There are 2 protein chains.
Amino acid sequence: MVQKRKDEPEQSAQREPGAPKRRGRPRAYEPDVALGKALDLFRRTGFAATSLDDLSAATGMNRPSLYGAFGDKRELYIKSYRRYRDEARARTAEIFRNDWPVRKQLERIYATALDIYLSGEEGPRGCFTVMTAGSEAVADPDIRAMVQDALTELDKAFAFCFRRAKEKGELPDGADPFVLAQLASATIHSIAVRARAGTPRKELEAIVKGAIDVMLGK
Amino acid sequence: MVQKRKDEPEQSAQREPGAPKRRGRPRAYEPDVALGKALDLFRRTGFAATSLDDLSAATGMNRPSLYGAFGDKRELYIKSYRRYRDEARARTAEIFRNDWPVRKQLERIYATALDIYLSGEEGPRGCFTVMTAGSEAVADPDIRAMVQDALTELDKAFAFCFRRAKEKGELPDGADPFVLAQLASATIHSIAVRARAGTPRKELEAIVKGAIDVMLGK
DNA sequence: CGAATTTGATGCGATATGGTACAAAAAAGA
DNA sequence: TCTTTTTTGTACCATATCGCATCAAATTCG
């Protein structure tokens, strides 16, 4: 018989479709918004500096409920990170999907990146991937793999973008789409770091503009 | 009379020149190497995840001695960060100082950057500035100012480098030294992030090479 | 040698932390 | 109504953490 591990909390399988009537006492929270709050907090203070009490206060759930719904702190962090990536991917994929001129596409990508990095009530939140690389990625192989995945995914998206641009003749002949993609990613990483250091938006926008000019051969 | 604040531990003014004979019991540690050990640990695990016990074990000093020599945890972190910057500045300034072709100069800079970021017994240590931006910079104005200072210092060093190169005719006419400098910094930030995510050196070197090619107009 | 001075070592204490046990509460099903 | 199921809320535990107070140790100066 399959062993049922008690130490791995159930997925809290919420099935919203229809109204199949959940059986027991109803939840006093919505898992999605709670996870969003947790993500906000993790983005602000990082993994180690965020206590379960902080998370409990932010989500409105008490610790046992938190544990039951998302597992321990590490699992909650991982789920928060997944959600961050899903959101970021959704917002950028929508832009990459269009058949615009490269310049316009890059401008839009960086504009949304800045929106993501500069948002936050109490200071700019930066890029969660960059933050996680700086903190948990070294000691935790699973998290490291997720970060690596995020980095290469961005590289590939930019590479696709530049490859198409080259086919359309928007780039100089010698241009290497993948090299340009890595430069585009580097610019993303850089504005993420600078955002958290307090660099104002105007300055970041200037950096982005300069980088685009160089990448597209002015 | 000037109030003497007990809560600000003395600078532990070590005067090495000559041998002016310290008065009381001799130290069982060398402040410089202890600070180096503390820096190593902070770079590996970050501020919040590093306890005073960890620092005590790493430096060989017990907590009261740590406190007496460097102040509380935050002060120790700041002193560690200063030391990191001093070291990094020393190693890069030596390269920037030379009157080499830009390409060679950039190659050397990135090579030493990779040495710094990939070193570490237990995983690549990355760039302490980038790590600090991702963690303490948002909540702590003093630390944030130090990070900003580090970022602009690097920008300026690269800008000086490119300005000189342009004067020597090593760059295309349209090239803007400061824009190129920010791209060069961005590449630094990017390889720092990627290093901590586990990207192997070969790959990072390829990224650097591609970035240099683009910046110098191939 | 004894006084003065500086550092080291032990250990305390108040609080924070991650995680969990357990019973009450709120719903559905019989 | 009574059982079953699921979640909540309180309280708890073992440990970790930071900072410090206190005393012992080691050295120089008189």
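In this text, all values refer to a predicted model and were calculated from it rather than measured experimentally. Chain letters run A, B, ... following the sequence lines, proteins first and then strands; every chain starts at 1. Hydrogens, waters and symmetry mates play no part in the numbers below; they use all other heavy atoms, side chains included.
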Trainee: Under the ring-ring contact (aromatic ring centres under 6.0 Å, His included) definition, can you give me all pairs with a residue in residues 137-161 of chain B, not counting sequence neighbours?
Mentor: B/Phe96-B/Phe158
Trainee: Enumerate, atom names and distances included, each donor-acceptor pair closer than 3.5 Å involving a side-chain atom of residues 33-44 of chain A, sequence neighbours excluded.
Mentor:
from, atom 1, to, atom 2, distance (Å)
A/Asp40, OD1, A/Arg125, NH1, 2.7
A/Arg43, NH2, A/Ile116, O, 3.1
A/Arg43, NH2, A/Gly126, O, 2.5

Trainee: Are B/Asn62 and C/dG8 close enough that a side-chain N or O sits under 4.0 Å from OP1 or OP2?
Mentor: no
Trainee: Between B/Lys79 and B/Phe70 (side chain of the first, backbone of the second, donor and acceptor by atom type, cut-off under 3.5 Å), is there such a pair?
Mentor: yes
Trainee: I want to check one thing: is the phosphate of D/dT7, taken as OP1 and OP2, less than 4.0 Å away from some side-chain N or O of A/Ser65?
Mentor: no
Trainee: Taking only residues two or more places apart in sequence or in another chain, which ones pass salt bridge (charged side-chain N to carboxylate O under 4.0 Å, His left out) with B/Arg201?
Mentor: B/Asp115, B/Glu205
Trainee: Atom CE of B/Met61 to atom C1' of C/dT10: distance rounded to whole Å?
Mentor: 16 Å
Trainee: Applying salt bridge (charged side-chain N to carboxylate O under 4.0 Å, His left out), name anything that partners B/Lys104, two or more places apart in sequence or on another chain.
Mentor: none
Trainee: Which pairs with one or both residues in residues 149-158 of chain A pass side-chain hydrogen bond (donor to acceptor under 3.5 Å, both in side chains), sequence neighbours excluded?
Mentor: A/Arg85-A/Asp149, A/Arg85-A/Glu153, A/Arg89-A/Glu153, A/Asp155-A/Ser185, A/Asp155-B/Arg194
Trainee: Going by the rule salt bridge (charged side-chain N to carboxylate O under 4.0 Å, His left out), which residues pair with B/Asp53 if we only count those two or more places apart in sequence or in a different chain?
Mentor: B/Arg63
Trainee: Is there any protein nitrogen or oxygen under 3.5 Å from a nitrogen or oxygen in nucleotides 25-28 of chain D, and what are the pairs?
Mentor:
from, atom 1, to, atom 2, distance (Å)
D/dA25, O4', B/Arg25, NH1, 3.3
D/dA25, N3, B/Arg25, NH1, 3.1
D/dT27, O2, B/Arg23, O, 3.4
D/dT28, O4', B/Arg23, O, 2.8
D/dT28, O2, B/Arg23, NH1, 3.0

Trainee: Could you state the atom-to-atom distance from CZ of A/Arg27 to C1' of D/dT8 in whole Å?
Mentor: 12 Å
Trainee: Return the value, rounded to whole Å, for the distance between atom OH of A/Tyr29 and atom P of C/dA25.
Mentor: 20 Å
Trainee: Please list, chain by chain and in numerical order, all residues satisfying side chain to side chain donor-acceptor pair (under 3.5 Å) with B/Thr187, sequence neighbours excluded.
Mentor: none
Trainee: In whole angstrom, what separates B/Leu76's CG from D/dG19's P?
Mentor: 11 Å
Trainee: Can you pull every protein N or O that's under 3.5 Å from an N or O on nucleotides 14-20 of chain C?
Mentor:
from, atom 1, to, atom 2, distance (Å)
C/dG18, OP1, A/Lys73, NZ, 2.7
C/dG18, OP2, A/Leu52, N, 2.6
C/dG19, OP2, A/Lys73, N, 3.4
C/dG19, N7, A/Arg63, NE, 3.2
C/dG19, O6, A/Arg63, NE, 3.4
C/dG19, O6, A/Arg63, NH2, 2.2
C/dT20, OP2, A/Tyr67, OH, 2.8

